[in-house]
Amino acid sequence: MATAASTNSKNVGHLLAQVAAERGDAVAIATPGRRGADGRRTYQTITFAQLEADSTRLAAGLAEMGVTPGTRLALLVKPSIDFVSLVFALFKVGAVSVLIDPGMGRKNLLRCLDQVEPEGFVAISIVQAVRVLMGRRYKTAKKNVTVGRRWFWGGPTIEDLRKTDVGSFQTFAAADDDPAAIIFTTGSTGPPKGVLFRHEGFYEQVQQIRDRYDIQPGEIDLPGFPLFGLFNSAMGVTSVIPEMDASRPAAVNPLNIIEPIHDWQISQSFASPAVWNKVGLYCEQHDIRLPTLKRVLSAGAPVPPHVLRRMKNVIHPDGDIHTPYGATEALPIASIAASEVLDGTELQSQQGAGTCVGRRFSGIEWRVIRITDTPIETLDQCESVADGEIGELIVTGPVVTRRYFTSEEATKLAKIADGERIWHRMGDVGYLDGEDRFWFCGRKAHRVQTLQGDMYTIPCEAIANNHDSIYRSALVGVGEPGMQIPVMIVEPWGDKYPQSRAAIDELLDEVKALCAAHPLTESIRDFLLHPAFPVDIRHNAKIFREKLAVWAEERLDLPTQD
Ligand SMILES: Nc1ncnc2c1ncn2[C@@H]1O[C@H](COP(=O)(O)OP(=O)(O)OP(=O)(O)O)[C@@H](O)[C@H]1O
């Protein structure tokens with residue numbers, strides 16, 4: 001680990017210091033407060049200079065508590081000024097932040113914490129209370145900081161840390177490979193996995209996002225993802241943090257997004273497709289425009305074209321919606337603009353071409369390789385497939401993480417060595433076209449392996465989705481891989497839900513006819529209707545196809561294939 005102060009250290013904490021030197025008086029973060037007497041929202045704000053000073057004081061306070069480079073601290077604080085300042089403080093002191101999205105549910109959250117064994121919790125009062133009540137379960141967690149009121153446990157509060165004399169404290173001069181954070185995946189194909197982030201990875205994420213979207217210091221962003229507050233501050237962009245539960249984006253009150261966009265003349269916003277779905281609908285129904293918004297970023301899951309279309313209608317006429325593609329392990333990988341989807345790729349997607357996720361970021365190299373479920377140790381063991389042929393996407397570059405913190409086995413299954421470099425297997429299947437764009441065809445784990453060959457979810461589901469009454473569909477396989485029977489499950493739009501057995505049969509017959517007429521889906525014999533698919537809470541979009549496969553198996557009396 002590097003210890004001496006060094007100017008070329010890729011610690012994101014250094015980027016904040018630079019921004020504070022250049023535009024110290026500008027607002028770094030604003031959070032909505034009470035309404036004033038005139039009914040208008042008031043905002044609590046902090047400038048870049050104040051954020052720089054505050055995070056350094058917190059970092060010095062953590063150092064005084066015995067936190068050293070490498071100490072693992074679970075950070076469980078709601079998106080707020082304190083959250084952003086604490087993330088910077090943890091970077092500055094060199095601690096490894098453990099970031100867990102409460103949206104993954106209590107059981108998964110506790111499981112993740114058990115695997116990481118944090119050495120302390122920097123957390124809101126209720127989390128500290130649970131930690132203490134859990135007794136010996138978190139006995140290794142000794143360095144605890146309470147954000148809010150301390151009830152019946154010891155350790156300093158964040159306000160105590162703020163009283164620290166900074167003295168000779170210096171930001172940790174991180175080497176590229178020093179660990180910076182452990183962040184968990186959504187867990188849409190099994191339990192969430194803890195991804196180990198290096199300092200260089202974060203630093204490069206900031207550069208790549210800034211360069212690709214031409215984000216300028218002085219812009220104002222509304223971050224629907226808590227960590228985007230960190231990236232913004234490192235880019236000199238003001239963050240207006242909206243009032244919403246970031247782990248339940250679909251439950252957002254659209255007015256809590258629309259109001260700050262108007263109040264602050266916000267030019268950019270980064271949020272989950274679930275948020276844009278709500279906001280777009282609300283704006284359409286109430287004839288509201290968001291003309292200051294020029295750049296909408298929607299990430300984390302596929303974004304349905306109807307969501308893109310609605311949002312494009314309400315933002316600035318020259319504005320666009322960009323959908324970055326990537327995974328917790330490797331982000332950002334590629335990106336596509338709504339204009340390119342709506343004017344072109346959407347039509348191909350409807351015909352079963354998959355979802356075009358666009359062109360790669362400049363720092364990324366990618367390949368599509370022959371699908372296998374076994375580990376691949378080195379790059380020379382991979383067989384690349386031709387353009388247009390479906391395989392698994394592998395990627396390398398500075399933003400690509402190198403291993404999981406929590407599972408050696410997962411690391412073996414997902415990483416490929418290539419000299420000094422590591423390639424990540426995305427676990428996604430698809431193909432590259434002649435323009436070096438990637439077309440996403442689903443998760444590798446969700447492919448249906450029949451006697452006649454593999455079937456891919458996204459292209460097949462698109463055929464069923466062409467029916468007017470169908471909101472979304474899921475292709476699942478029942479039986480042993482290699483001999484699976486494909487089953488198409490459909491979920492109708494709420495207002496088009498068939499009200500009788502006869503109406504259900506009629507709808508299913510129509511979907512069946514659509515699928516029978518397309519070569520990708522003509523072999524599907526079994527169709528089922530489901531009222532509301534199980535999906536992940538974080539994005540409200542990732543269909544839990546494993547659960548649906550079990551559900552389908554219980555409903556169908558299928559002959560076993562010999
Ligand atoms: N723009 C996009 N379009 C389509 N799918 C996307 C897009 N961006 C991300 N995804 C999907 O999300 C995945 C990454 O999600 P994330 O890292 O949150 O974990 P997960 O893969 O859902 O969970 P787990 O790996 O635990 O099963 C990608 O591999 C891809 O399948």
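Heads up: numbering here begins at 1 and tracks the sequence. Just so you know, ligand 1 is whichever comes first in the structure, and atom 1 is the first atom listed for that ligand.
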Item to check | Shortest protein contact, atom 15 (O) of ligand 1 (heavy atom only) | outcome: Lys542 NZ, 2.7 Å
Checklist entry - For ligand 1, which atoms, with element, lie under 4.0 Å from some heavy atom of Thr323? => result 1 (N)
Checklist entry - How far is atom 26 (O) of ligand 1 from its nearest protein heavy atom, and which residue and atom name does that atom have? => result Thr185 OG1, 2.6 Å
Checklist entry - Counting only heavy atoms, which portion of Phe440 has something under 4.0 Å from ligand 1: side chain, backbone, both, or neither? => result side chain
Next on the checklist: Using heavy atoms and a 4.0 Å limit, tell me yes or no: is Thr355 in contact with ligand 1?
Outcome noted: no
Checklist entry - Among protein heavy atoms, which lies nearest atom 20 (P) of ligand 1, and at what distance? => result Ser188 OG, 3.2 Å
Checklist entry - Would you call Arg370 and Glu392 a salt bridge, taking side-chain N to carboxylate O under 4.0 Å as the test? => result no
Next on the checklist: Are any of the N/O atoms on Pro192, whether in the backbone or the side chain, positioned under 3.5 angstrom from an N/O atom of ligand 1?
Outcome noted: no
Checklist outcome for this item: For atom 21 (O) of ligand 1, the closest protein heavy atom turns out to be Arg443 NH1, 2.5 Å
Checklist entry - Is the His306 to Trp493 ring centre distance short of 6.0 Å? => result yes
Checklist entry - Going by distance alone, is a donor N or O of one side chain under 3.5 Å from an acceptor N or O of the other, for Tyr404 and Glu329? => result yes
Checklist entry - Do His199 and Phe91 have their ring centres less than 6.0 Å from each other? => result yes
Item to check | Pair Phe228 + Phe225: ring centers closer than 6.0 Å | outcome: no
Checklist entry - Less than 4.5 Å apart, any side-chain heavy atom of Arg295 and any of Phe270? => result no
Item to check | pair Asp114-Arg111: side-chain heavy atoms closer than 4.5 Å | outcome: no
Next on the checklist: Check Glu461 with Arg472, please: is the shortest side-chain N to carboxylate O separation under 4.0 Å?
Outcome noted: no
Next on the checklist: So that I know where these two stand, are Tyr138 and Phe121 an aromatic pair - ring centroids less than 6.0 Å apart?
Outcome noted: yes
Item to check | Taking atom 25 (O) of ligand 1 as the reference point, the nearest protein heavy atom with its distance | outcome: Lys193 NZ, 3.5 Å
Item to check | Proximal atoms of ligand 1 relative to Val357 (non-hydrogen, under 4.0 Å) | outcome: 3 (N)
Next on the checklist: So if I count the atoms of ligand 1 from 1 in the order they appear, which ones are less than 4.0 Å from some heavy atom of Pro302?
Outcome noted: 3 (N), 4 (C), 5 (N)
Checklist entry - Taking the non-hydrogen atoms of Gly442, is any one of them nearer than 4.0 angstrom to ligand 1? => result no
Checklist outcome for this item: The option among Ser335, Ala327, Ala334 carrying the non-hydrogen atom nearest to atom 14 (C) of ligand 1 is Ala327
Item to check | Under 3.5 Å donor-acceptor, Ser473 side chain and Val490 backbone | outcome: no
Checklist outcome for this item: heavy-atom search around atom 9 (C) of ligand 1 in the protein gives Gly326 O, 3.1 Å
Item to check | Within-shell test, Gly427 vs ligand 1, heavy atom, strictly < 4.0 Å | outcome: no
Checklist outcome for this item: Note: Pro324, heavy atoms under 4.0 Å from ligand 1, region reported as backbone
Next on the checklist: I need the atoms of ligand 1 closer than 4.0 Å to a non-hydrogen atom of Tyr325, numbered in the order shown.
Outcome noted: 1 (N), 2 (C), 6 (C), 7 (C), 8 (N)
Item to check | Close side-chain approach of Arg425 and Lys444, heavy atoms under 4.5 Å | outcome: yes
Checklist entry - Can we say Arg421 and Glu365 salt-bridge, meaning some charged N sits less than 4.0 Å from an Asp/Glu carboxylate O? => result yes
Item to check | Which residue and heavy atom of the protein sit nearest atom 19 (O) of ligand 1, plus the separation | outcome: Thr186 N, 3.4 Å
Item to check | Nearest non-hydrogen protein atom, atom 31 (O) of ligand 1 | outcome: Asp428 OD1, 2.9 Å
Checklist outcome for this item: Thr328 heavy atoms within 4.0 Å reach ligand 1 at atoms 16 (P), 17 (O), 18 (O)
